[in-house]
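In what follows, every chain begins at residue 1, and chains take the letters A, B, ... in the order their sequences are listed. Reckoned from all heavy atoms, side chains included, excluding hydrogens, waters and symmetry mates. Since we're looking at a predicted model, the values are computed, not measured.
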There are 2 protein chains.
Amino acid sequence: MDEFDLIHRITPRSLSHQEIEIGIGDDAAVYHTKNGYQEIVCVDTMVDGVHFLSSHSTPADIGYKALAVNISDIAAMGGFPKYYLVSIAVPFGWHASDMEAMYEEMSKLAKLYQMDLIGGDTVSTKGQMVITVTVIGEIKKGKACLRSHAQPGDVVFVTGELGSSAAGLSFLLEKTPIKNKAQAKYFINRHKRPTPRVEAGLICSRYHHVALNDISDGLASELNEIAEASRVSIDIYKDLIPVHSDLHTLHTRWEEWVLFGGEDFELVGSISGDQWEHFYQDCSVHRIPIYQIGRIHQSGDAQVFYHNGQDSVRLEKKGYNHFKQDR
Amino acid sequence: MDEFDLIHRITPRSLSHQEIEIGIGDDAAVYHTKNGYQEIVCVDTMVDGVHFLSSHSTPADIGYKALAVNISDIAAMGGFPKYYLVSIAVPFGWHASDMEAMYEEMSKLAKLYQMDLIGGDTVSTKGQMVITVTVIGEIKKGKACLRSHAQPGDVVFVTGELGSSAAGLSFLLEKTPIKNKAQAKYFINRHKRPTPRVEAGLICSRYHHVALNDISDGLASELNEIAEASRVSIDIYKDLIPVHSDLHTLHTRWEEWVLFGGEDFELVGSISGDQWEHFYQDCSVHRIPIYQIGRIHQSGDAQVFYHNGQDSVRLEKKGYNHFKQDR
């Protein structure tokens, strides 16, 4: 594949953002920024065999997810995404048409948010495909939703059902038998095509001192990060966590999917109790699902407790701590 | 290797830029921008076995070059680099100490320019190491040195000797026998540790309508890019191109190293004839080497001609066109 030829094919014919002075086609992209705004930047890498399986995902799926997970990081700051850059190490044997399908799908997703492709790099590799996406976004000055913003008394919320991505992965890897094709397809889609919660993040950024994370590594991990950064402890309640109504029928370990599965790319955060009602109404008006799942409590050892009806267990980043906690 | 542990070790203890609100440690980095400036962003990927050989380069070498080539892209716009993000796909078998050595060397290079590490991603791969660096810089509004800026009558210049990186690679790959160790070391160092020409780029940005590229793909390729973007033709002269005094003794094909070798990461550009003297003096005062190698001539078919004393050949991006040109 000729790199110059590919660059020509993927270079956008028009740009959404007039702030771009130079996009693709020079040593680097150049753009203006807006007064009163801050820049947000993140980067994420996906590797074939680790983050996806090219045997199970189409080039379009891979491109979609590589961009979506980065948009999700911008959403998790309360920002809106504007630009993206794509670096791909392409294995020998991939065709130009595969690459085009990948860029095409990214372009479709980007259009939803009026994002522009402004740079990247395409190189060969003798190994697996590695795709790295950089996304740059904006947020009003001082409005970023930081992990360190949680305060005692805050309501803890999520934006959608958890565990579905892990269920989809389990179907994909044939660890869970497929009994109902339409059902399996739903969960697999949740795994392959997560929706970044940009609109929910933007609403969060309008409120005061909202803490926010996107659920890439699992609810337990994200909550522990908020607890550590904010030096608070967190209580969450099994009965309040939204899950798909079929989830418990798929596997006896469905609860682990919910808590540790990750890759749902819903947002989890906290907001003060006195803003909660207004925030909840605001989300309803915009048809953004929002669910209270717990509370922040008094600062202490930065722990996360999971109340499952019978008892309370401490959630570590990567698993349960089955010893009963002294509280 | 534990990712959280690595993140902890590589997170800078202090930051050079006060504009950073959040660096490493949230979903994305957040920073302020300065009034009157534009942002510049670029990304480059290096793959083991393609862009470097981990058998011939230390982790420190690899880290150095991955960052240096991106700083060079910012320099080639006339900008100054401020932030970097590092994404690495790490093969099994690499040790935490290798990773630390890599980040440590990047940190040393970054300090020269007061750059801050503000994000990244570290993932595992069953394949080769792939390292992707994103660099963000700044430039005064409207001062970017674009490829499209060359105009008939401009002086064409480079900032240093060409072909030395290719010579070093030839030594490394044992295609050129080493007769003098100190000499070979010099050239290998030019290949492994290119110096981004940030200061030269900054001087360029103070002048009007300078065209600029960094020489990553070879002089011929970079000049063709300028010719195409500016719709001009370019004459360069063999006798004017700066090369190391030993270069011609190393290999009969040394001239190909100079024209097509690439990876010298010197800057090549053009500036109007009436600014040239002042620009040259300015560079001298700052001890920045600068060499006129040719002239831009009347707009036409965007071609590059190489005058070697006997005749003139057209330089294609990737090689000579040995057919004599009708001019």
Side-chain angles (χ1 to χ4, degrees), chain A residues 4 21-22 25-33 35 37-51 72-74 76-77 79 83 85-89 91 118-128 130 132 134-137 139 141-142 144 146-148 212-214 229 317, chain B residues 4 21-22 25-33 35 37-51 72-77 79 83 85-89 118-128 130 132 134-137 139 141-142 144 146-148 212-214 229 317:
Chain A
F4 294 105
E21 181 177 339
I22 289 288
D26 212 308
D27 298 291
V30 181
Y31 56 92
H32 297 274
T33 58
N35 278 339
Y37 283 78
Q38 291 171 302
E39 302 293 293
I40 312 177
V41 60
C42 62
V43 61
D44 252 315
T45 293
M46 287 176 26
V47 180
D48 191 4
V50 180
H51 302 88
S72 179
D73 277 325
I74 301 291
M77 302 303 285
Y83 311 121
L85 302 91
V86 179
S87 254
I88 312 190
I118 58 167
D121 197 12
T122 310
V123 300
S124 303
T125 177
K126 291 167 197 160
Q128 282 88 347
V130 179
T132 299
T134 305
V135 170
I136 297 171
I139 187 150
K141 262 182 196 165
L146 309 184
R147 290 177 187 171
S148 57
L212 212 56
N213 253 357
D214 67 327
K317 276 193 177 173
Chain B
F4 294 106
E21 182 176 339
I22 289 288
D26 212 308
D27 297 290
V30 181
Y31 55 93
H32 296 274
T33 58
N35 278 340
Y37 284 79
Q38 290 171 300
E39 301 294 293
I40 312 177
V41 61
C42 62
V43 62
D44 252 314
T45 293
M46 288 175 28
V47 180
D48 191 2
V50 181
H51 302 87
S72 180
D73 277 324
I74 301 292
M77 303 303 285
Y83 310 122
L85 302 92
V86 179
S87 253
I88 312 189
I118 59 168
D121 197 13
T122 309
V123 300
S124 302
T125 176
K126 292 168 196 159
Q128 281 88 348
V130 178
T132 299
T134 305
V135 170
I136 297 171
I139 186 150
K141 261 183 196 165
L146 309 184
R147 290 177 187 171
S148 57
L212 212 55
N213 251 359
D214 67 328
K317 277 192 176 172

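Within the 3.5 Å criterion, the main-chain N or O of Thr45(A) finds a donor-acceptor partner in the side chain of Asp121(B). The closest donor-acceptor contact from the side chain of Gln128(A) to the backbone of Gly127(B) lies under 3.5 Å.
Heavy-atom pairs under 4.5 Å with chain B peak, among Gly137(A), Ala229(A), Gly25(A), at Gly25(A). Note: Val130(B) leads Ile118(B), Ile74(B), Val130(B) in heavy-atom pairs under 4.5 Å with chain A. By number of non-hydrogen pairs under 4.5 angstrom with chain A, the leading residue of Met77(B), Met46(B), Lys141(B) is Met77(B). The candidate from Ser124(A), Ser72(A), Gly142(A), Gly119(A) with the greatest count of non-hydrogen atom pairs under 4.5 Å with chain B is Ser124(A). Chain B forms more heavy-atom pairs under 4.5 Å with one residue of Val86(A), Val50(A), Thr33(A) than with any other, namely Thr33(A). Between chain A and the residues Ser148(B), Ser87(B), Cys42(B), the most heavy-atom pairs under 4.5 angstrom are made by Ser87(B).
Only the backbone of Leu212(A) has a heavy atom closer than 4.5 Å to any heavy atom of chain B. Residue contact with chain B, scored on non-hydrogen atoms closer than 4.5 Å, involves the backbone and the side chain of Leu146(A) alike. Within the 4.5 angstrom heavy-atom criterion, only side-chain atoms of Glu21(A), from C-beta onward, approach chain B. Heavy atoms closer than 4.5 Å to chain B are found in both the backbone and the side chain of Val41(A). Heavy atoms closer than 4.5 Å to chain B are found in both the backbone and the side chain of Val43(A). If you measure heavy-atom distances from Thr132(A) to chain B, the contacts under 4.5 Å come from the side chain alone. Heavy atoms of Ala29(B) lying under 4.5 Å from chain A belong to its backbone as well as its side chain. Looking at Val30(A), both its backbone and its side chain come within 4.5 Å of chain B, counting heavy atoms on both sides.
Atom CG of residue Asp73(B) and atom CG of residue Asp26(A) lie 9.0 Å apart, to the nearest 0.5 angstrom. Taking OG1 from Thr125(B) and NE2 from His51(A), the interatomic distance works out to 9.5 Å, rounded to the nearest 0.5 Å. Leu85(B) contributes atom CG, which lies 6.5 Å from atom OG1 of Thr134(A) (distance to the nearest 0.5 angstrom).
With sequence neighbours excluded, the residues satisfying ring-ring contact (aromatic ring centres under 6.0 Å, His included) with Tyr31(A) are Tyr83(A). Listed by chain and number, the residues in a side-chain contact (heavy atoms from CB on, under 4.5 Å) with Ala76(A) are Asp214(A), Leu267(A), Asp27(B) (sequence neighbours excluded).
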